[in-house]
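Everything on this sheet refers to the single structure shown next.
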Protein chains: 4
Amino acid sequence: MPKPRYRRRKEDRPAEITEAAMEAFAEKGYDATRVDDVARRAGVSKGLLYLYFRTKEELFKAVIRSFVSPKVTELQDMVQTSELSAEAFLRGPFLAFAQQLPRSPAAILVRLMIAEGPKHPDLTAYYWENVASHGLAALSQVIRRGVANGEFRPSALDDFPQLLVTPVLFSVLWLTVFQQHRRLDTDRMIEAHIDLVLRAIRADGKDKRI
Amino acid sequence: MPKPRYRRRKEDRPAEITEAAMEAFAEKGYDATRVDDVARRAGVSKGLLYLYFRTKEELFKAVIRSFVSPKVTELQDMVQTSELSAEAFLRGPFLAFAQQLPRSPAAILVRLMIAEGPKHPDLTAYYWENVASHGLAALSQVIRRGVANGEFRPSALDDFPQLLVTPVLFSVLWLTVFQQHRRLDTDRMIEAHIDLVLRAIRADGKDKRI
Amino acid sequence: MPKPRYRRRKEDRPAEITEAAMEAFAEKGYDATRVDDVARRAGVSKGLLYLYFRTKEELFKAVIRSFVSPKVTELQDMVQTSELSAEAFLRGPFLAFAQQLPRSPAAILVRLMIAEGPKHPDLTAYYWENVASHGLAALSQVIRRGVANGEFRPSALDDFPQLLVTPVLFSVLWLTVFQQHRRLDTDRMIEAHIDLVLRAIRADGKDKRI
Amino acid sequence: MPKPRYRRRKEDRPAEITEAAMEAFAEKGYDATRVDDVARRAGVSKGLLYLYFRTKEELFKAVIRSFVSPKVTELQDMVQTSELSAEAFLRGPFLAFAQQLPRSPAAILVRLMIAEGPKHPDLTAYYWENVASHGLAALSQVIRRGVANGEFRPSALDDFPQLLVTPVLFSVLWLTVFQQHRRLDTDRMIEAHIDLVLRAIRADGKDKRI
DNA sequence: TATGAATGAGATTTCATTCAT
DNA sequence: TATGAATGAAATCTCATTCAT
């Protein structure tokens, strides 16, 4: 059964290529990924790839767009529609979200951003504008809500909402670099982190140092 | 004709090359760094560079080795020689150490490890063996000491000493990628993190929820 | 979405494509012209273009054929139907013809012949057979007529009728290459040339400058 | 006798490559010439070629520079050092110079200028500045000298010194395009042209044909 | 007929590495 | 040791041409 050399599938091509590229970038990083390889993975000729993406860099950006943006949208939606208390939200849906991130494709792209970011300023600009700043805003919103309704005392977390997600980034890197040398249960680590932070900022805590 | 940056001293050649390579890798990343450029920065011919380092990859490994190990030794020494209480140690010398890390050359190499690590398995092995595992052990030691002498209650931090340094790594990322879009005071963020963690694990805290 | 430049009329398709190609070749030269671009200019799909012209080279040849031949026919007709004296013919209709040539599309094709000719031997053969040789014959005829009726003395021009048109070719070159650096009034130059030649070959030897 | 794969000849390389490129460009034109082919002709690797010439375009410019400039210098020298009368100069050294031009490498480059000029504006600018304008000035000087010492009457040639060389250009093109279909004795044609022009501008009006 | 998505050969350019000197 | 000219493999990108629809 000879596979047809020639399939006409305009609709699906971009996604097919984007997914293949995702895999390849994840394995090798941007520079070391060969356009040829992406095309082969996508079952497509190099020429066709260039029909949809004008340069390798465009392709990279498209990958970022299609895999990372949805994650942030998801987080924003969660925050906006949740009717839980701030603490319940952080221990529940947010924790689940944070735990699965390091294993999702989006995480791999975080690695790529770190590696390739400095060489692609317009890409980091896009990433900040469309992804990171929204994520940060969502975290802020949760914390402010907790403070507003008396769950949390005012704390440095108000100024540094990033502190909620530092172990997520750490997990991404551990999984990529060290997991084969020392297994780390990132789910439990992230849970432990959230727990520690919540203990520290709970309003009912008698701990009032400073 | 650019003057060679380093005087000719036979014995120091490898170190001179290693330093030049460090600079270059820091600026451009591994792939984008040209061996030619490293040689020029070191004031040495390409041929000579290849006399000391058999490949570009060898050179990269040498750079990692010579710049990261000292940092971990420093941390280990601090932990071993300090006579402060655990909390005082974390709020004092350790905090200072953690705060300067994101701006030190070592941090840049962390970025490179993230980017290139997966392509150099023997390098990550070396890195784990000689750097990360020792750092982790040092952190554990501090926490255990605090628990042992009654400063800290037993907590998840015992199992995940990494949680002490997640914001350091996060800072490295932020400085490289987002700093130009949104300034972040990493010193204060790291301090805030240590403070939150300590509040959460203090033995005297009235907060006893589990 | 750019509107197609030509209405769909089945019969004229080849001509429409040929004209679009003419424009494109004139602007960019043979190699730099994209078949895609020609098709777009003609308001036709690439596939259809290949239905009429089997290769890019065939298309090029068709362009040459359809735009150059008319010019030579025009010259031949002028020569054959004119009832002027040889000198009056050269100073009148012929001069006018020669003056407009460098700015006509045909001139652009002359440039293309020069550039691409050596790569297309059958094309230059066609060009010689159907264009150049006829033009040369027409020039000869005029000169012979002048000699026969006593206007001109026998001269080297009899052997080299080309000498009547060398400044036309020169003008084509100048307009393409140097006009922006130094303006040249090609009309006056061509007229001056004809005048000089006529003075040199006049039978009566008297100076009849006007 | 195995040819050495590796010869160190820094001095001669640029000239060797330039000559090989000259040949290749002459045969195929700019676009159709493959850098690979130039390298092979020069007996050199592609990489080395790029060590001396940063792009194909740079190489092309170098070819123009090294082959055409000398010709114009030669003409200028002839004009300045000659002590002949204007007519004797034109019939003697100048004629000889003009006759050999169409067969010299410089001529081929004229063809290339026509073909590629429009795509390389900076090249034509260079060509005008360093070659054509000087040639034109030299021609003007000769004519003015003839008028000044009473040999020539004032004529349109004063305004269009180009008319002295139009058959040279014509010869270049005939040789490239039509010579195989109809032989043209360009030496005699150029001589005839000079003769015609001189007859037309002689101050004494008498026919001095030789 | 008519389309334009898809192909694949090949072009320019780069760069780690080698090796004559 | 020391140099840097020279190599050659490979990477990105282009485009004439084909062919399923």
Side-chain angles (χ1 to χ4, degrees), chain A residues 4-14 17 31-39 42-59, chain B residues 8 10 13 30-40 43-60, chain C residues 8 10 13 31-40 43-59, chain D residues 4-14 17 31-39 42-59:
Chain A
R5 265 194 355 195
Y6 206 101
R7 297 173 308 157
R8 212 187 173 81
R9 293 239 306 283
K10 193 188 180 179
E11 312 299 296
D12 307 339
R13 290 306 195 200
I17 294 169
D31 282 298
T33 291
R34 305 299 155 218
V35 173
D36 234 344
D37 183 35
V38 173
V44 142
S45 72
K46 235 190 317 182
L48 185 59
L49 188 156
Y50 276 93
L51 206 64
Y52 290 105
F53 305 94
R54 288 208 328 280
T55 62
K56 188 185 178 185
E57 190 176 330
E58 281 302 320
L59 174 59
Chain B
R8 306 293 168 99
K10 265 187 186 178
R13 281 282 173 66
Y30 179 79
D31 281 293
T33 291
R34 307 292 157 231
V35 173
D36 240 336
D37 183 33
V38 173
R40 207 168 18 253
V44 141
S45 76
K46 235 192 313 186
L48 189 55
L49 188 155
Y50 271 91
L51 214 60
Y52 289 109
F53 304 93
R54 288 207 332 280
T55 65
K56 188 186 181 185
E57 192 176 330
E58 283 303 320
L59 174 61
F60 179 58
Chain C
R8 306 293 168 100
K10 264 189 188 177
R13 279 284 171 66
D31 282 293
T33 292
R34 307 291 156 229
V35 173
D36 239 336
D37 183 34
V38 173
R40 205 165 23 248
V44 141
S45 75
K46 233 190 317 185
L48 188 54
L49 187 155
Y50 271 91
L51 215 59
Y52 289 109
F53 304 94
R54 288 207 331 280
T55 65
K56 188 186 180 183
E57 191 176 332
E58 284 302 320
L59 174 60
Chain D
R5 268 193 353 195
Y6 207 100
R7 295 174 309 154
R8 212 187 173 81
R9 294 238 309 281
K10 192 188 181 181
E11 313 298 298
D12 308 339
R13 290 304 194 202
I17 294 170
D31 282 298
T33 291
R34 306 298 156 219
V35 173
D36 233 345
D37 183 34
V38 173
V44 142
S45 73
K46 240 187 312 181
L48 185 59
L49 190 156
Y50 275 92
L51 206 63
Y52 289 105
F53 305 95
R54 289 208 328 279
T55 63
K56 189 186 179 186
E57 191 176 329
E58 281 301 321
L59 174 60

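Chain naming here is simple, since letters A, B, ... match the order of the sequence lines and numbering starts at 1 in each. As the structure is a prediction and not an experimental result, all values here were calculated from the model.
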- Query: Which nucleotide sits closest to the side chain of B:V35: F:dA2, E:dA6, E:dT17?
  - Reply: E:dT17
- Message: How many whole angstroms separate atom CD of B:E57 from atom C1' of E:dA16?
- Response: 12 Å
- Item | Nucleotide-level pairing of DNA chain F, given in dot-bracket where Watson-Crick and G-U pairs need both distances under 3.5 Å and | marks other strands | .||||||||||||||||||||
- Query: So what does C:K56 touch, heavy atoms closer than 4.0 Å: a base, only the sugar-phosphate, or nothing?
  - Reply: sugar-phosphate
- Task: Quickly work out the A:D37 CG to F:dA10 C1' distance and round it to whole Å.
- Result: 14 Å
- Message: On DNA chain E, compare the nucleotides closest to A:K46 and A:L49; which residue's is nearer the 5' end?
- Response: A:L49
- Query: Would B:E57 and B:Y30 count as a side chain to side chain contact (heavy atoms under 4.5 Å, CB included) if you check the C-alpha gap in whole Å, the side-chain angles of each, and the deciding distance to 0.1 Å?
  - Reply: CA-CA 9 Å; B:E57 192 176 330; B:Y30 179 79; 3.7 Å; yes
- Item | Spatial distance of atom CZ (B:R40) from atom CG (B:D37) [nearest 0.5 Å] | 5.5 Å
- Between F:dT17 atom C1' and A:L51 atom CG, what is the distance in whole Å? 14 Å
- Query: Taking the side chain of C:R34 as heavy atoms from C-beta outward, which of F:dA16, E:dT7, E:dT17 is closest to it?
  - Reply: F:dA16
- Query: Which pair of non-hydrogen atoms, one from A:I17 and one from A:V38, has the smallest distance, and what is that distance?
  - Reply: O-CG1, 4.1 Å
- Message: Measure CG/C:L59 against C1'/F:dC15 and give the value in whole Å, please.
- Response: 15 Å
- Message: Please report the distance, rounded to the nearest Å, between CD1 in A:I17 and C1' in E:dT7.
- Response: 13 Å
- For the pair made of CG in D:D36 and P in E:dA9, what is the distance, rounded to whole Å? 17 Å
- Message: What is the separation between atom OH on B:Y50 and atom P on E:dT17, rounded to the nearest whole Å?
- Response: 4 Å
- Task: Take atom CG of D:L48 and atom C1' of F:dA9, then tell me their distance rounded to the nearest Å.
- Result: 16 Å
- Starting at the 5' end of DNA chain E and moving along, which residue's nearest nucleotide shows up first, B:G47 or D:T33? D:T33
- Task: Could you walk me through whether D:K46 and D:L49 pass the side chain to side chain contact (heavy atoms under 4.5 Å, CB included) test, one step at a time?
- Result: CA-CA 5 Å; D:K46 240 187 312 181; D:L49 190 156; 5.6 Å; no
- Nearest to the side chain of C:S45 - E:dT3, E:dT17, F:dT7? E:dT3
- Message: If the condition is ring-ring contact (aromatic ring centres under 6.0 Å, His included), which residues does C:Y50 pass it with, not counting sequence neighbours?
- Response: none
- Contact nearer the 5' end of DNA chain F, comparing A:R54 with C:R54: A:R54
- Query: Would a 4.5 Å heavy-atom cut-off, applied to side chains only, mark B:L51 and B:L48 as touching?
  - Reply: yes
- Report which part of the nucleic acid D:F53 touches: base, sugar-phosphate, or nothing (heavy-atom distance under 4.0 Å, all strands). nothing
- At their closest point, which heavy atom of A:F53 faces which heavy atom of A:P14, and how far apart are they? CZ-O, 4.1 Å
